[in-house]
Amino acid sequence: MEEEKHYPAVGSEKAGYLFEFRPDGVYFTVYPTTGSSILYELSDMRQILADYGVDDYDILTLAKTVRKADGVPVKLSSRVVSSDGIASEAEVNNKAILPTHDAAEEYAGIDVDVSRDKITATIRFDLKKGTRCPTADMVRQALKEKGVVYGIDEAAIAKGVQSFDSFVAARGVAPVNGADAHIEKKYDISHKGRPRIIESDRVDYKDMNLFVLAKAGQLLAERIPQTHGQEGKDVFGFPVPARNGKPIPLTVGKNAEIREENKIYALIDGQIVEDGKRIGIDPHLSISGSVGVGTGNIDFVGSVQVSGNIDAGFIVKATGDIEVSGFVSGADVEGRNVFISGGITGQGRGKITAKEDVRAAFAENALVEAGRDIYIADAVLHSTIKAGKKVVVEDRRGLITGGYIAAGEEIRAKVVGNQAFVVTKLVVGVNPALSQRYQQACREYKEDKQRLSQITQMLNTFSKIDTSRLPENRIAQIAALTRSQFPLAGKIKREEKLIEELQEELGKMEDGKIRVADIIYPGVSVSVNSIKRSFQTEARGCTLTVQDDEVTIGPY
């Protein structure tokens, strides 16, 4: 039998390192030391491997094992080392552990990476050029050669050269941009349109806080001017410019004026009105009695208060809010907010329209549209109700029976439908007004594109003929067509932008829900985020949402 070959080990736990030449490969162990420094160089370890003819190992693994020093054997090479040609254990153990290479050849390369904004300089070591960690002086020299002269962090360099990890060696000063100018309002409209809370947490729908009023001479708003930016400095020592804040114009609406350059004051008593970026005062129109034959139609720039009713066939239109103490019967009412204490009877005609909210005691055979919310205290009967955000029917009976109810975000009620299974349709998740604007914008865009194409084709045809021979009226027509194509092209670009904005707004509306506190009767059909469901049996105390592309019933 062939004699088993002996593979010696080099080093020991006492020496702090150990090479084992096992049949399946070469293993390397570095034991923990009580001191903070390494007692030998990587070049020494590499020389031992070279003495044993081992050259197919990963130098980075060798370096990491030395740094880690956790006493765990790490396999450096899968090569099975033959005992032939290996120096004897005595020869190896008797060798002095001294560097046999020039130390400069063993240092890792130094890469200096400067950030795109030139505010930081990061040091990275290239172990392909060597495995010995460079000194702090070498790092400083590399920074100098790169041109980095400002914000050098000596503490980071001293710590960074203790390992091969990358680190930030220099940090400049980032510029600070100036703040934009803004308008600081001296009034609060967040509670506008919300009913007054009375005892026992009940609400008083007769006191709706519909108006935010101001007195003559009252400060309405103040412009806070923009500030200048503070320049920074990059690691190369050059200044980094900062952006100054943007100014904002201070504009006023009716019955207000600018004083002291940056302040807006009210000139008269009245309601504060925001018209885009303008802040002004609307006077308040009070009508003692009903709107009818005695008053005629009302079209007022400001807010209107009607102490009586609005009779069938009449119109009340205001740029501000409208408050009606009585009933609205078959009339057209349009304002910013519309509050009707006595309720709405449509009588097959008339319409209630609000840019923001509508509040009423009840709605029967009515058509009501609001840009934001619609609150009906008692019941909605056989009506068409459309709200940009919410339809809420929760006070008193809280009943929705018959008709079509649509809201962008949420519908809330106590009872939907009735025991006679009357057809009632509820739709949430799509803003009706927004959807209508989107469809109209798409139609106009399509028509304008076709018109521009026709004009372009006609002008291309005329360009191929001698227009000097045409009659004057035809030449005038060509000139008119030429002039018309430019504003039409501009209109098309504006329409494209509007369509994109509307698509973005519609895309945000994807969390619609319907909440019914008491009961949903059969005959009710719902559409939540365009997913439809019809009720064949009763459902009680539930919330309807969309999950996994179907309308699901959850707890109220």
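Basis for what follows: all heavy atoms, side chains included, without hydrogens, waters or symmetry-related copies.
- Without hydrogens or angle criteria, Asp234 side chain to Ile119 main chain gives no donor-acceptor distance under 3.5 Å.
- In this structure, the side chain of Thr353 does not engage the main chain of Glu334 through any donor-acceptor pair within 3.5 Å.
- Looking at Asp321, its side chain never comes within 3.5 Å of a backbone N or O of Ser303 through a donor-acceptor pair.
- Note on Asp180 versus Arg243: salt bridge recorded, some NZ/NE/NH1/NH2 to OD/OE distance being below 4.0 Å.
- Using a cutoff of 4.0 Å between basic side-chain nitrogens and carboxylate oxygens, Arg397 and Asp378 are scored as salt-bridged.
- Glu154 CD: more than 12 foreign heavy atoms inside a 6.0 Å radius.
- A tilted orientation is assigned to the rings of Phe327 and Phe362, their planes being inclined by 30° to 60°.
- Here the side chains of Val368 and Thr384 are not in contact, with every heavy-atom distance at 4.5 Å or above.
- At least one side-chain heavy atom of Ile157 sits under 4.5 Å from a side-chain heavy atom of Phe167.
- Side-chain atoms of Asn309 and Val324, non-hydrogen and from C-beta on, never get closer than 4.5 Å to each other.
- The cationic atom of Arg515 (NZ for Lys, CZ for Arg) lies less than 6.0 Å from the six-membered ring centre of Tyr556 and within 45° of the ring axis.
- Glu444 and Gln440 form a side-chain donor-acceptor contact under 3.5 Å, judged by distance and modelled atom types alone.
- To the nearest 0.5 angstrom, Arg533 atom CZ is 12.0 Å from Ser525 atom OG.
- With 3.5 Å as the limit, one finds no donor-acceptor pair spanning the side chains of Asp137 and Thr135.
- A salt bridge links Asp448 and Lys491; the closest N-O separation between the charged side-chain nitrogens and carboxylate oxygens is under 4.0 Å.
- Annotation: side chain of Asn529 is not in contact with side chain of Thr545 (no heavy-atom distance under 4.5 Å).
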Practice item. Using the side-chain contact (heavy atoms from CB on, under 4.5 Å) rule, take Asp373 and Val391 through it: C-alpha gap first, then chi angles, then the decisive distance, then the call. Key: CA-CA 6 Å; Asp373 302 329; Val391 173; over 6 Å; no
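- Counted by atom type alone, Thr120 and Ser115 present one or more donor-acceptor pairs between their side chains at under 3.5 Å.
- The pair Arg171-Asp153 does not meet the salt-bridge criterion, since no charged nitrogen lies less than 4.0 angstrom from a carboxylate oxygen.
- Here the NZ-CG distance, from Lys246 to Asn177, works out to 10.5 Å after rounding to the nearest 0.5 Å.
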Exercise for review: Could you please spell out the steps behind the salt bridge (Lys or Arg N to Asp or Glu O under 4.0 Å) verdict for Glu222 and Lys186?
Suggested key: CA-CA 8 Å; Glu222 181 178 2; Lys186 303 299 182 180; 3.6 Å; yes
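- Arg223 places a side-chain N or O within 3.5 Å of a backbone atom of Ile248 that can act as its donor or acceptor partner.
- For the pair Arg494/Lys497, no side-chain contact is recorded, criterion being any heavy-atom separation below 4.5 Å from C-beta on.
- The side-chain contact (heavy atoms from CB on, under 4.5 Å) test with Ile310 is passed by exactly one of Val291, Ile315, Ile344, Ile287: Val291.
- Between Lys389 and Glu410, no side-chain nitrogen of the basic residue sits less than 4.0 Å from a carboxylate oxygen of the acidic one, so the salt-bridge criterion is not met.
- For Ser527 (side chain) and Val427 (main-chain N/O), no donor-acceptor pair under 3.5 Å exists by modelled atom type.
- Taking the side chain as every heavy atom from C-beta outward, Ile123 and Ser166 never approach each other to under 4.5 Å.
- The NZ atom of Lys146 sits 14.5 Å away from atom CD of Gln141, with the distance rounded to the nearest 0.5 Å.
- Taken from CD1 in Ile405 to NZ in Lys425, the straight-line distance is 12.0 Å, to the nearest 0.5 Å.
- The closest side-chain heavy-atom distance from Ile340 to Ile352 is below 4.5 Å.
- Here the NE2 atom belonging to His228 is positioned 7.0 Å from the CD atom belonging to Gln226, to the nearest 0.5 angstrom.
- Arg336 places a side-chain N or O within donor-acceptor distance of the main-chain N or O of Thr319, the cut-off being under 3.5 Å.
- When atom types are taken as modelled, the side chain of Ser453 and the backbone of Gln450 share no donor-acceptor pair closer than 3.5 angstrom.
- Using a distance-only test at 3.5 Å, with no hydrogens or angles considered, a donor-acceptor pair links the side chain of Thr543 to the main chain of Pro555.
- Without hydrogens or angle criteria, Asp518 side chain to Val415 main chain gives no donor-acceptor distance under 3.5 Å.
- Side-chain atoms of Gln218 and Tyr265 form no donor-acceptor pair, as typed in the model, at a separation below 3.5 Å.
- Here the CD1 atom belonging to Ile531 is positioned 13.5 Å from the CG atom belonging to Leu544, to the nearest 0.5 angstrom.
- In the model, Glu274 has a side-chain atom that pairs as donor or acceptor with a side-chain atom of Tyr187 under 3.5 Å.
- A salt bridge is defined here as a Lys NZ or Arg NE, NH1 or NH2 lying under 4.0 Å from an Asp or Glu carboxylate O, and Lys390 with Glu409 fails to meet this definition.
- Between the side chain of Asp282 and the main chain of Val273, no donor-acceptor pair closer than 3.5 Å is present.
- The shortest side-chain heavy-atom distance between Ile264 and Glu257 does not fall under the 4.5 Å cut-off.
- Asn337 and Glu356 share a side-chain donor-acceptor pair at under 3.5 Å.
- Lys493 has no carboxylate O lying under 4.0 Å from a charged side-chain N of Glu495, or vice versa, which leaves the two without a salt bridge.
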**Study point:** Check against salt bridge (Lys or Arg N to Asp or Glu O under 4.0 Å), Arg124 and Asp111
**Key:** CA-CA 5 Å; Arg124 306 185 195 280; Asp111 294 329; over 6 Å; no
